[in-house]
Structure formats: structure tokens, C-alpha cells
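These numbers were taken from a predicted model, which means no experiment stands behind them. Quick note on labels: first sequence line is chain A, next is B, and so on, each numbered from 1.
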Protein chains: 2
Amino acid sequence: MQPDAIDRKLLKLLQENSKQTNKELSLQLNLSVTAVYERIKKLEKTGIIHRYVAIVNKEKVDKGFVVFCQIKLVQHTKEYLTKFEKEVMALQEVMECYHISGEYDYLLKILVKDMAAFREFMVTKLTTLQHIGSTQSSFSINEVKCETVLKV
Amino acid sequence: MQPDAIDRKLLKLLQENSKQTNKELSLQLNLSVTAVYERIKKLEKTGIIHRYVAIVNKEKVDKGFVVFCQIKLVQHTKEYLTKFEKEVMALQEVMECYHISGEYDYLLKILVKDMAAFREFMVTKLTTLQHIGSTQSSFSINEVKCETVLKV
DNA sequence: ATCTACATGATGAAAATAATTCAGTATAAA
DNA sequence: TTTATACTGAATTATTTTCATCATGTAGAT
């Protein structure tokens, strides 16, 4: 399915605020409520809209300290990669993990309360993972941009 | 406000799927519909729930190529930092931008269609930004984990 | 210890609002 | 002409929101 201009605007609106009623959306799109309803259902069915979620303010729940950690494994066998990925999946502080090209093998985005919590995470969890060669951590000094709206 | 165990479970459910009805939530939480309703309103009012959004499948809208780009500025004056940040804000391919500690100054998460689109972005947008010293790009080979649920 | 006042958080019923279905119309492509 | 697609407004169904009320625990006065 190829979204048209109206679908693209609808996607923008829903990515910004999914709690808008179909009536509110219909006014912004110059369509009837039913037409909006059917377009949304189509976007859901085709998987373009994957799901709807609540976004939690990380500062308010003591997860305002953001760390990016690059990791090198000692070897690149399939076994080592798979084992590492499985272990990372289980760590709740790791919000994102990418296998990347370049000097390091993985890039992790880690959310914790503060530096002390990061130290604790580092010592008790990250460095206990198997087959890790070296790590390199960068702390977020300022979140300049964090966009959730994909411009389609 | 300090969320209790019920609030934490509610936050987990809403972060996983914000389209559940209060009735569905009430069954999972062993509460009345109204009690669920009031807890949600409270979480919204205190700002713990920041907003509700639709998540779009990036592969389905030709944004499946993920690049992390680290950037060093030629100087670290306030003027240069501010100008760079302002310019980055305007680039729709840049989904996230953090001012970070370490060798590089900024880490950017960039979403484009493919390598050709990244090359185009690099040549026509990124390298035309003022005061950039050097850049270092890593491509995502595999998205191992991408969690949106903050465990509270 | 007992009583009272107050705050908090729960409940079910009722009212208000929104989502969903449906019958019918218009348009464009085969 | 037939078919498919996308639209509309009205009717129906489901959900959210409001409201009156109840239960519980705490702090202060007796």
C-alpha cells in the first residue's frame, strides 16, 4: 500500500497525538468521520501503523541519565554474537541495542537514574557479560532532539 | 507523586498498548473501570505520562536504514554549539541528537531509505552544516533491541 | 482508648461522547 | 456496463466521563 497525501498527514497527526478523536482528525483532514476511520483501519491492517503507546517522561521516573555505550567483542563468531545479544535483551536498563559497522560491534542506549546507578549497572551487569573485549561510554550532556514522528 | 505497584503495572500496560479500553485494563489490574480512569488521569496530570503516539513501522515507509553519526565541531564556543543544534533540529532525517561527553561532541541517529539516500543526506545536508570538524558514521547491521517500555 | 473530621481511593449507575456499522452515492478504471 | 474504491450521513454499539456514595486510615481533641 502506498499512502497518499491525506494518509501522510493522518500519520503525522497520529504520531504526534494518538488520542485525538476521529472527529478532531476529520476536521483537520476535511473528511468525514467514517472516511478517517477507514483510512486508520487500513494503515493498521497493512502494518504501517505498528501500534499505539503511552510515552513516559523518563525524568519523572528516575531514568533521566542517558548513556551510549559502544562494545567490542573478543571474537566475532556467530556463537559469541548470539550469546551476547541474548544477554543484552534481558537487561532492562538497555533500551536500544544495534549491531553496527565500524570499530565497535554494538551500540547500546542505556537509561538509568544517575551516574551512581550507571556505575552499579556497569559493574554488576555490563562487565559480567561474556566475551566482551572493550567498551567505550559517552554520557548525554543534553538531549538536543528526540523525534518520534517519522515524516512519510 | 510516587507511583505505587498498581500504577507501575498500569504504566507498563499503557506503554505496551495505549489502545486498550479501561475495561480491559480494569480486568488486568483487578480494579473498577472508574478507578483505572482516575489513576490514568492522575498519571497524565502529574506528567508521568507525557503523551500518546502511534508507532509507524519504519521499513514500511522507506526509513529502514539506520545510521549513527558522531560529530566533532571545530570549536566549542557557545555560539558554534547553538548554531549547530539549531541546524540539526531542522533536518528531518535526524531523529535523535545528543550532546555527549568524550571524543566527539554529538551523536545523531539518522533514518533514511538506503545507503544511496544516506549518501545524498551526507553530501547535501550534513556536510554543509557550519563548524563541523569531523564525522564518524556507523551503520546499523541489525536492530537487536528497541524497547519503548520504561520499567518503572 | 474513643470520637470526629478529613483525605484518599474505591465502587456502580447514569450521562455524555466516540467508535463502528451500514446503506447508499459518486467516480474512475477495466 | 461492470467493478472497485472511497466517500457520506444516520443508526447502533461501545467507551469514557461524571456523579453520588461508601470504606479506610490518619491526626487531633476529648
Between [atom2] on [N] and [atom1] on [X], what's the gap in Å once rounded to a whole number?
| X | N | atom1 | atom2 | answer |
| --- | --- | --- | --- | --- |
| L31(B) | dG9(C) | CG | C1' | 10 Å |
| N30(B) | dA10(C) | CG | P | 12 Å |
| D4(B) | dA10(C) | CG | C1' | 13 Å |
| Y37(B) | dT17(C) | OH | C1' | 11 Å |

Hey, what are the protein-to-nucleotides 23-30 of chain C N/O distances that come in under 3.5 Å?
none

Can you list the residues that meet the side-chain hydrogen bond (donor to acceptor under 3.5 Å, both in side chains) rule with [X], with sequence neighbours excluded?
| X | result |
| --- | --- |
| N30(B) | none |
| Q136(B) | none |
| K125(B) | E93(B) |
| T148(B) | R51(A) |

### Task
Measure the acute angle between the ring planes of Y80(A) and H131(A), then classify it against the limits of 30° and 60° as parallel, tilted or perpendicular.
parallel
### Message
If we ignore hydrogens and angles and just use 3.5 Å, is the side chain of T124(A) paired with the main-chain N or O of E120(A) as donor and acceptor?
### Response
yes
### S140(B) side chain vs Y98(A) backbone, donor-acceptor pair below 3.5 Å
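Not at all, since once roles are kept as given, no pair shorter than 3.5 Å links the two residues.
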### Message
What range of DNA chain D does chain B touch, first nucleotide to last, counting atoms under 4.0 Å from its heavy atoms?
### Response
dT15(D) to dC19(D)
### Query
Got more than 12 heavy atoms from elsewhere within 6.0 Å of NE2, H50(A)?
no
### Task
Please list, by residue number, the residues of residues 41-57 of chain B whose heavy atoms come closer than 4.0 Å to an atom of DNA chain D; answer none if no residue qualifies.
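Heavy-atom contacts with DNA chain D come from K41(B).
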Can you pull the salt bridge (Lys or Arg N to Asp or Glu O under 4.0 Å) pairs that have at least one residue in [range], sequence neighbours excluded?
| range | answer |
| --- | --- |
| residues 99-108 of chain A | K72(A)-E103(A) |
| residues 130-152 of chain A | K58(A)-E143(A) |
| residues 1-29 of chain A | D4(A)-R39(A), D7(A)-R39(A), K12(A)-E16(A) |

### Query
Between V33(B) and V33(A), which is nearer to the 5' end of DNA chain D once each is assigned its nearest nucleotide?
V33(A)
### Query
Which parts of residues 16-24 of chain A get close to DNA chain C, meaning a heavy atom less than 4.0 angstrom away?
T21(A), N22(A)
### Query
Given the rule in the side chain to side chain contact (heavy atoms under 4.5 Å, CB included) test, do V88(A) and L129(A) qualify, once you have shown the distances and angles that lead to the verdict?
CA-CA 8 Å; V88(A) 161; L129(A) 298 186; 4.0 Å; yes
For residues 40-48 of chain B, please give each side-chain donor-acceptor pair under 3.5 Å, one per line with the distance, not counting sequence neighbours.
from   : atom 1 : to     : atom 2 : distance (Å)
K41(B) : NZ     : E44(B) : OE1    : 3.2
E44(B) : OE2    : Y52(B) : OH     : 2.6
T46(B) : OG1    : K42(B) : O      : 3.0
T46(B) : OG1    : L43(B) : O      : 3.3

